[in-house]
Amino acid sequence: METLKYRFEQGRRSLAGMPQLVGVVGSGNLEVLIEPSPLQGACEIEVRTAAVGFGATWQAVMADFHDRWSLADARISINDMGATPAVVSLRLDQAVESLAGPLPKDVP
């Protein structure tokens, strides 16, 4: 198992509501817990993964996620069992949409 931590500063989109859990930990999948948290405008993400040695891939997926959503005051915990980057992005989007609604159409 490997634990990776990411922090993105100066988010613009806050979350409201109770913590949400999406996905299922299983072969080729992952679960995402997302919750509002007072982090001075930051978004913190902790990844626990069974796929050791993919830090650069996780960094790229997390940076893309932050570029897309720009979350503020959010804590995200990911438990991964070898999900592909596409599945990771899908689960992250599902988690955010459960608290913030869909991404506005005018946001790239």
Side-chain angles (χ1 to χ4, degrees):
M1 292 295 288
E2 184 172 18
T3 300
L4 306 167
K5 295 182 181 187
Y6 304 93
R7 183 177 171 101
F8 298 95
E9 304 290 342
Q10 301 174 351
R12 297 182 308 273
R13 188 170 190 166
S14 295
L15 301 174
M18 300 298 295
Q20 298 291 314
L21 181 68
V22 300
V24 177
V25 176
S27 180
N29 209 330
L30 73 158
E31 69 180 4
V32 175
L33 172 66
I34 186 168
E35 54 193 326
S37 184
L39 296 171
Q40 300 175 325
C43 175
E44 291 183 347
I45 304 170
E46 182 175 275
V47 178
R48 290 185 189 97
T49 180
V52 176
F54 290 90
T57 301
W58 279 101
Q59 174 66 43
V61 172
M62 296 302 106
D64 178 65
F65 168 74
H66 177 70
D67 288 346
R68 201 166 51 252
W69 288 100
S70 188
L71 293 181
D73 298 317
R75 185 177 317 277
I76 299 172
S77 301
I78 298 172
N79 293 316
D80 171 58
M81 288 299 290
T84 65
V87 171
V88 174
S89 291
L90 171 71
R91 293 285 179 242
L92 284 167
D93 288 349
Q94 286 175 327
V96 175
E97 287 177 358
S98 72
L99 287 176
L103 191 63
K105 299 270 188 247
D106 62 340
V107 176

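When reading the values below, keep in mind they use all heavy atoms of this one structure, side chains included, and skip hydrogens, waters and symmetry mates.
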* Asked: Is there a path from V96 to L90 through hydrophobic residues (I, L, V, M, F, W, Y) whose side chains come within less than 4.5 Å of each other?
  -> no
* Asked: Taking atom OH of Y6 as the centre, does the number of heavy atoms from other residues, nucleotides or ligands within less than 6.0 Å exceed 12?
  -> yes
* Asked: For A83, does its backbone N or O pair with a side-chain atom of N29 as donor and acceptor, under 3.5 Å?
  -> no
* Asked: Can you check whether A95's main-chain N or O pairs, donor with acceptor, with S98's side chain at less than 3.5 Å?
  -> yes
* Structure fact -> Nearest heavy-atom contact between R75 and S37 is NH2-OG, 3.0 Å
* Asked: For I78 and V32, which heavy atoms make the closest approach, and how far apart are they?
  -> CG1-CG2, 4.1 Å
* To do: Kindly work out whether a path of hydrophobic side-chain contacts (I/L/V/M/F/W/Y, heavy atoms less than 4.5 Å apart) joins L4 to M81.
  => no
* Of L71, L39, D67, I45, which is the lone residue that meets side chain to side chain contact (heavy atoms under 4.5 Å, CB included) with F8? -> I45
* What is the minimum heavy-atom distance between E9 and A42, and which atoms define it? -> OE1-CB, 3.7 Å
* Asked: If you measure from CD on E35 to CD on Q20, what distance do you get to the nearest 0.5 Å?
  -> 10.5 Å
* Do E44 and K5 touch side chain to side chain, with heavy atoms closer than 4.5 Å? -> no
* Asked: Is the backbone N or O of L33 less than 3.5 Å from a side-chain atom of S77, with the two atoms forming a donor-acceptor pair by type?
  -> no
* **Separation between NE2 of H66 and CZ of R7, rounded to the nearest 0.5 Å** => 11.0 Å
* Could you label the plane-to-plane angle of the F65 and W69 rings as parallel, tilted or perpendicular, counting under 30° as parallel and over 60° as perpendicular? => tilted
* To do: Measure the OG1-CG distance between T49 and D80 for me, rounded to the nearest 0.5 Å.
  => 3.5 Å
* Please check if I34 and V22 belong to a single hydrophobic cluster, counting links between Ile, Leu, Val, Met, Phe, Trp and Tyr side chain heavy atoms closer than 4.5 Å. => yes
* More than 12 heavy atoms of other residues, nucleotides or ligands under 6.0 Å from CE of M18: is that the case? -> no
* E46 side-chain N/O to T3 backbone N/O, donor-acceptor pair under 3.5 Å -> no
* Check: M62 and V88 side chains under 4.5 Å, non-hydrogen atoms -> yes
* List the atom of P36, the atom of G17, and the distance in Å for their closest heavy-atom pair. => CG-O, 3.4 Å
* same_hphob_cluster(L92, F54) at 4.5 Å side-chain heavy-atom cutoff -> yes
* To do: Could you tell me which non-hydrogen atom of E2 sits nearest to which non-hydrogen atom of G53, and how far apart they are?
  => OE1-N, 2.9 Å
* Asked: What distance do Q94 atom CD and L99 atom CG have between them, rounded to the nearest 0.5 Å?
  -> 13.0 Å
